[in-house]
Amino acid sequence: MRKTAKQWKDIYSTQEFKEKYVCEGASLGALVTQKGTSFRLWSPFADAVTLNLYRQGSGAEAFEKHCMIKGEKGIWEYRTQRNLHEIYYDFTLQMEGRTVFSADPYARACGINGQRSMAVDLGKTDPEGWQEDRPPALEQETVIYELHVKEFSWDRSGGFPEETRGKYTAFLHTDTTLDGDGVHPTGISYLKELGVNYIQLMPVYDYGSVDETGKGADFNWGYDPVNYNVPEGSYSTDPSRGEVRIRELKEMIQSLHAQGFRIIMDVVYNHTYSLDSWFQRTVPWYFYRVNEDGTASNGSACGNDVASEREMCAKYILESVLYWAQEYHMDGFRFDLMGLLDVDLMNRIRAALDERYGKGEKILFGEPWAADRTAMEQEKEQALKQNIHNLDKNTGMFCDNTRDAIKGSALELKEPGFVNGAPGMETEILNSVRAWCGGDGPSGAKAPSQIITYVSSHDNQTLWDKLSETTTDEELRKREYRLAAGIYMTCQGRLFLLSGEEFARSKDGMEDSYNAPIEINRLDWRKAWRERELVDYYRGLIALRKRLPGLCDKSREAWRRIYGQWTRDGVVGFFVDNQPGAGRQRAAWDTVQVIYNSRKEREDCQLPAGEWEVLADGQDSFRWEKPEPARGEIAVEPVSMVILGRREQEK
Ligand code: CA
C-alpha cells in the first residue's frame, strides 16, 4: 500500500523520524576527488537503491549498475577508486513495492534537460584565472540591474557575435556596439556607462520549461527549478555536455567581475517545476508542505511549496546558497517568494554568508510575500513584510509600498500614484524617502539596508506600460517617467531597476511575459539609442546618487538625515544631511535639498539662506557637473523634481 501525503506528513513530524534520519552534517551527492568517486543519496524509506552509470547525458543504456549500501541515517552509498568525472548517473529505487527512477537531487552537473546527473571534478571546469577572480570593491551605493541572459543579447542590434546571442558567452564580449557600428555601445560597455554596479541574473540554475534540445519551447524566465545546483543548459553552447554550462557560467561571472560588476543570483527555493521532482521521488513528501486535508500546499500558485522548515530541506537550501557563493563566486542572492520560506532559515543563511565572507559582503534580499496561504509547520514564521523586524539588518525586501506610492498599484492598472496624479500621497512619498525607517516608522524596517527601492522589475508591467495606463498624453507621460526615476533615486534604501527601464522599455502592456515570445522580452538596443536622452537622465541620477552619502547611508540612524520635510498638495520637499559617515571622504555638498512637484503647474519655492547649486532638475541630471549658483527662489517645473546642494558654509 502506498502511503498518502498526509501519512507521510505524520511520519516526518515524529520525534522518532528526526532522531533516526535527520543528518544535517552529511555530505550528499557525487564527489570526485583524487582518491576516487563517491555517490551518496538520502532516501530513508527506499528498500533498495541501484546506481546506474552512463557515458551520455541522455539515451543509451547504463554501462554499469551498482547496488548501493544503506548506511546510517537513511543514506545510500557507492564508492569506487575510479575517477568518474563526466560520467552520467541516476538511481533506481525500490520503494513501497514499486520501482522509481530518479536523478540526483544533490547533483552539481547534469545532461541535456537535466534528466540525468553527472559526476564532476569541479576543478576541471574552472576557466583560466578563476582562482584569482574577485568581485570589484563595494561602492557607497548598490544599484542593481535585473536582466535575463537570453533577453540581454538576443536582439541582433546588440552587435553580439551570432553564435553567442542568448548565451552565457555573450557576456565575454565587452565592447559590442549597435549593429556593430563601432560607435554606439551596447551590452556590457553600455552598462558600464550607465553606472549600475550589480547585475541581477534572472534564473540561471537548471529549469524545466525550455527544451534544451532546441526542439520545443524556447523562451521562459525560468522560475521553474529542476536541478537547483546546476546551471541552466539552454544558455550554454552545448547543453549535452554537462561540464560546458558550468565552465561557461563561470567565464561569464569572471568577465562581469573584471568589468566592474557584482553578480546577484535569482533563486527560487519556494517551489519546484513539478511535484514529480527528484525530491519527491527519493523522499516522498518530505520536501513539500501538505495541508491538513492531505492536499499539496500551494502558496506559490505553482502547484507546490517547498518545506523550508524541515531540517533536511533547510540544510539543502542553506548548502545550495553557499555552494553558488563558493563555486560560482556569486555576490548575492534574490529570493523568489521569500515569504514562503521561514525567518529562521533566512537568518541562518545570512549568518553563514557573513561568517564565510564578512558581514554584509554578500547581498541578500527577497520578495516578502507569497502568492497564497501556505502550510508551514513547526510554528515557524514566514519571511513576510510584516516580519521584517525579525530578519537580520542586512536581509532586505522589495518595497512594494514605495513602488506603488510613486507610480500607482502594480496590480490595479488604472490606479495612479504620486507622479501620475493620485492625491494625498505626500506622506507615503516621505516615508519612501526614509526607506520606511525611523522611530515612528510604519514598517518596522531596521535600516535602509532592508529596503529595495524600485519602480519596475520583471513582474508586472514595465514602468512605461504602467504610466501608459493612466496617462495618454505622451509628453506628460515622459515627465512622469523622469519624476518617478528622480524620486526613487533620491530615496534611501538600495536601488533596483529592470533592464531597459532607463530606455522606456515596453512589453506592449503585458503584465506577465514569463513565457511570451523572445521578441516581446528581448532588450531592444536600437531603442536604447533612440531613447538616449532618457538613458542619459538615468546616468546622471545614478552618478549623482553615488555622491550623496546622506542618501546612501544604510545605518539604523540614516533616517535622521532627512529633515525639514514639508508638503503641499502634490508637492514634497525635504533636506538631507549629506555629511559623510565616519571614515568616508567628504562630499561636495554638506546639505542637499530635494523637491518633487507632481502638479501640472510650476511650483516656486523659497530657498533657505546660503549659496545653493542646482544639481539636477526634470530635464538635466548632470547639472552638478557644471554648477551654477541659485539664490532666493527656485522654480520647479510642472511634473518634475529638483535636487539642490549647498557647500560648506564660509567660515
Ligand atoms: Ca533546463
Side-chain angles (χ1 to χ4, degrees), residues 29-30 54 56-59 86 88-90 101-120 125 147-154 164-171 201-253 265-281 287 300 302-304 306 316 320 323-324 327-328 330 336 458 513-518 521:
Y54 309 83
Q56 281 141 26
S58 64
E86 293 184 23
Y88 294 87
Y89 68 99
D90 62 13
F101 290 92
S102 181
D104 186 353
Y106 302 87
R108 297 177 184 93
C110 67
I112 198 156
N113 281 327
Q115 297 303 297
R116 254 178 216 164
S117 307
M118 189 186 94
V120 60
T125 66
L147 63 79
H148 180 282
V149 170
K150 185 165 181 175
E151 290 174 2
F152 183 70
S153 59
W154 185 83
T164 69
R165 287 173 52 227
K167 307 291 183 193
Y168 297 126
T169 49
F171 292 83
L201 301 173
M202 286 168 69
V204 291
Y205 55 73
D206 177 45
Y207 59 82
S209 53
V210 165
D211 187 346
E212 297 178 2
T213 66
K215 292 178 189 135
D218 67 354
F219 181 82
N220 204 287
W221 285 345
Y223 292 84
D224 46 75
V226 173
N227 289 294
Y228 277 115
N229 297 327
V230 183
E232 163 60 13
S234 63
Y235 306 141
S236 81
T237 57
D238 188 355
S240 69
R241 287 166 54 219
E243 70 283 11
V244 174
R245 60 179 77 188
I246 299 175
R247 181 177 299 109
E248 289 181 347
L249 178 55
K250 286 179 176 176
E251 285 170 347
M252 169 179 166
I253 291 163
M265 180 178 179
D266 194 335
V267 288
V268 185
Y269 295 109
N270 67 83
H271 74 275
T272 55
Y273 183 41
S274 162
L275 197 48
D276 182 20
S277 65
W278 316 139
F279 283 158
Q280 192 74 324
R281 292 190 193 187
F287 290 90
S300 68
C302 294
N304 62 78
V306 166
Y316 187 95
S320 179
Y323 173 70
W324 286 103
E327 188 63 32
Y328 289 87
M330 292 291 181
D336 188 68
H458 68 268
S513 65
Y514 78 101
N515 64 354
I518 181 69
N521 280 295

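In this chain, numbering begins with 1 at the start of the sequence shown. Counting starts at 1 for both ligands and their atoms, following the listed order.
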In [X], the N, O or S atom nearest to the Ca ion (ligand 1) is which?
X: E232; answer: OE1
X: D206; answer: OD1
X: E212; answer: OE2

Item to check | Metal proximity, Y207 vs the Ca ion (ligand 1), N/O/S cut-off 3.0 Å | outcome: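 So Y207 counts as coordinating the Ca ion (ligand 1), yes.
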Next on the checklist: Any side-chain to backbone donor/acceptor pair from E232 onto Y207? Under 3.5 Å, distance only.
Outcome noted: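 Side chain of E232 to backbone of Y207, a donor-acceptor pair under 3.5 Å: yes, one is there.
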Checklist entry - Any side-chain donor paired with an acceptor under 3.5 Å for W154 and N521? => result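 Side-chain D/A pair, W154 to N521: absent.
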Next on the checklist: What I want to find out is whether E86 reaches R241 closely enough, with some N-O distance under 4.0 Å, to be called a salt bridge.
Outcome noted: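 The answer is no: the pair does not qualify as a salt bridge.
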Checklist entry - About how many Å separate OH of Y514 and CG of N220, when rounded to the nearest 0.5 Å? => result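 If I round to the nearest 0.5 Å, the distance is 7.0 Å.
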